[in-house]
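Being a predicted model, the structure only gives us computed values, none of them experimental.
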Amino acid sequence: MGTALKLPIIDLSSPEKLSTSRLIRQACLDHGFFYLTNHGVSEELMEGVLIESKKLFSLPLVEKMVMARHGFRGYSPLYDEKLESSSTSIGDSKEMFTFGSSEGVLGQLYPNKWPLEELLPLWRPTMECYYKNVMDVGKKLFGLVALALNLEENYFEQVGAFNDQAAVVRLLRYSGELNSSGEETCGASAHSDFGMITLLATDGVAGLQVCRDKDKEPKVWEDVAGIKGTFVVNIGDLMERWTNGLFRSTLHRVVSVGKERYSVAVFVDPDPNCVVECLESCCSETYPPR
C-alpha cells in the first residue's frame, strides 16, 4: 500500500455557502478528491444498498448473466473491463452492476435490468430510493461547485445539465484476490473518471489509491481511507475540460488487499444535449480556452 493521503472534509449541511464553496475550490485545485459529510443520505440507506448489492453479487453466475450489460446498464462479470489498456492483466478483478433513472429519454433508450422480485424483493425499491437521494445531493453539491467557479449557484441547471437524468449508479464487488507471484493486482486499474463528478460510498475495506500528478513518472500512489457515512467525491475529465483545466481529474485505482471490497459509485453526468464549453470564469486573455 502507499502512503496515506488526508483529504479535505466538506460539510454539505453548512449554511455558509460561500466559505464552503471556497473549500471545495481549494480541494479541487489541490487534490481533485474530497470527502463529503452531512449530505443527507442516511447511513441506514447506505448500509441497505451495500447489503442488497452483496445479495446480487452472491447470486449464481447464470442468474446474473441474464442481466448482462449490453451498452450502459446491467451486469458485468469479473475481468469484463480493463481500465488501463497498457496493463498486462486479463482484466480488472471486479464485478459491476449499473443502473440509472427509469424516467426521461435516457431511461427509455437504455432501460434498466432489474433482478427478479422473487429473488431480491427489496432490491429495486432500495436502489431507486438511493438514486433519488443521491441526485438531491448531487444537485446541491453542484450549486456549491458553481459558486466555487464564480458562477451563479443555479448555473448548471440553467445550461440544462439536469434536463434529463444521465447519472448512473454502479455497484462494485472487488474479489480481493492477490497474485501468487507477488505482483500488484488491481480491482480497478489506473484511470480517471470521464464525467462531471463521482460520489463514492464504500464498505470501509482499503484499496482506493490516488495519484495526484498524473503526468509524473514514476507514479506516486497514496491511500484514501473510507470514512463511515461519507462520500468520497472526485472530479472527472468532463469537469476538467469544462473548467479549462482549472479543476483536474485525478488518476486513481483500486488495489487488491486480499479481502472482498464493495463500493457504490454514482457518476453524475450532464444531459447529453448540454453544451460543454469553456466557462467564462475559467479563461482570460492570458489563459485562453484550450
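Sorted by first and then second residue, the side chain to side chain donor-acceptor pair (under 3.5 Å) pairs with a member in residues 129-149 form an empty list; sequence neighbours excluded. Within the structure, every pair that satisfies the ring pair (Phe, Tyr, Trp, His ring centres under 6.0 Å) test and touches residues 133-157, not counting sequence neighbours, is listed here: Phe142-Phe156, Phe142-Phe162, Phe156-Trp242. Identified under the salt bridge (charged side-chain N to carboxylate O under 4.0 Å, His left out) test for residues 262-277, with sequence neighbours left out: none. Sorted by first then second residue, the salt bridge (charged side-chain N to carboxylate O under 4.0 Å, His left out) pairs that include residues 7-32, not counting sequence neighbours, are Lys17-Glu153. Residue pairs meeting the ring pair (Phe, Tyr, Trp, His ring centres under 6.0 Å) criterion with at least one partner in residues 256-290, sequence neighbours excluded, are absent. Under the salt bridge (charged side-chain N to carboxylate O under 4.0 Å, His left out) criterion, the residue pairs touching residues 247-262 are Arg173-Glu260, Glu184-Arg253, Asp215-Arg248, with sequence neighbours excluded. Applying the salt bridge (charged side-chain N to carboxylate O under 4.0 Å, His left out) test to every pair with at least one member in residues 111-129, sequence neighbours left out, gives these pairs: Arg124-Glu128.
Legend: residues meeting ring-ring contact (aromatic ring centres under 6.0 Å, His included) with His191, ordered by chain and number and at least two apart, are His252. Contacts of His39 classified as ring-ring contact (aromatic ring centres under 6.0 Å, His included), with partners at least two apart in sequence or in another chain: Phe231. Partners of Glu63 according to the side chain to side chain contact (heavy atoms under 4.5 Å, CB included) rule, which considers only residues two or more places apart in sequence or in another chain, are Leu59, Pro60, Leu119. For Phe72, the ring-ring contact (aromatic ring centres under 6.0 Å, His included) test picks out Tyr110, with sequence neighbours left out.
Between atom CG of residue Leu141 and atom OG of residue Ser21 there is a gap of 11.0 Å, rounded to the nearest 0.5 Å.
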Would you check, one step at a time, whether the test side chain to side chain donor-acceptor pair (under 3.5 Å) holds for Asn163 with Asn273? CA-CA 9 Å; Asn163 284 358; Asn273 293 311; over 6 Å; no
For Asp237 and Ser192, run side chain to side chain donor-acceptor pair (under 3.5 Å): C-alpha distance rounded to whole Å, both residues' side-chain angles, the deciding distance at 0.1 Å, then the answer. CA-CA 7 Å; Asp237 299 337; Ser192 56; 2.8 Å; yes
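Around CD of Glu152, the count of heavy atoms belonging to other residues, nucleotides or ligands within 6.0 Å does not exceed 12. A 6.0 Å sphere centred on CZ of Arg241 holds no more than 12 heavy atoms belonging to other residues, nucleotides or ligands.
Between the side chains of Thr98 and Arg73, no donor-acceptor pair of N or O atoms lies under 3.5 Å. Using modelled atom types, one finds no donor on one side chain facing an acceptor on the other under 3.5 Å when comparing Asn234 with Thr250.
The aromatic rings of Trp123 and Trp114 sit perpendicular to each other, their planes meeting at more than 60°, with 30° as the lower class boundary.
Contact annotation: the side chain of Thr3 never approaches that of Val220 to less than 4.5 Å [non-hydrogen atoms, C-beta and beyond]. Using a 4.5 Å heavy-atom cutoff, the side chains of Ile10 and Leu36 are in contact. Side-chain atoms of Cys28 and Phe34, non-hydrogen and from C-beta on, do get closer than 4.5 Å to each other. In this structure, Ser281 and Leu246 have side chains that are not in contact, with every pair of non-hydrogen atoms separated by 4.5 Å or more. Between Met127 and Val169 there is no side-chain heavy-atom pair separated by less than 4.5 Å. The closest side-chain heavy-atom distance from Ile235 to Ile197 is below 4.5 Å. A heavy-atom distance below 4.5 Å is found between the side chains of His31 and Leu5. At a threshold of 4.5 Å between non-hydrogen side-chain atoms, the residues Leu7 and Val224 count as touching.
Within the 3.5 Å criterion, the main-chain N or O of Thr37 finds no donor-acceptor partner in the side chain of Thr230. Distance alone, capped at 3.5 Å, is enough to place a donor-acceptor pair between the Asn244 side chain and the Arg290 backbone. A distance-only check finds no donor-acceptor pair linking the side chain of Glu43 to the backbone of Gly229 [under 3.5 Å]. At distances below 3.5 Å, at least one donor-acceptor pair connects side-chain atoms of Thr202 with backbone N or O atoms of Gly204.
For Cys282 against Thr243, the heavy-atom pair with the smallest separation is CB-O, 3.3 Å. Looking at every heavy atom in both residues, Lys219 comes nearest to Cys211 through CD-SG, 3.5 Å. When all heavy atoms are compared, the tightest approach of Asp92 to Ser189 is OD1-OG, 2.9 Å. When every heavy atom of Pro8 is checked against every heavy atom of Ala27, the shortest pair comes out as CG-CB, 3.8 Å. Asn112 approaches Ser102 most closely through the heavy-atom pair ND2-OG, 3.2 Å. Closest non-hydrogen pair, Arg69 versus Ser76, comes out as NE-OG, 3.1 Å.
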Which side-chain N or O atoms in residues 47-56 pair as donor and acceptor under 3.5 Å with protein atoms at least two apart or in another chain?
| residue | atom | partner | partner atom | Å |
| --- | --- | --- | --- | --- |
| Glu47 | OE2 | Lys228 | NZ | 3.1 |
| Glu52 | OE2 | Lys55 | NZ | 3.2 |

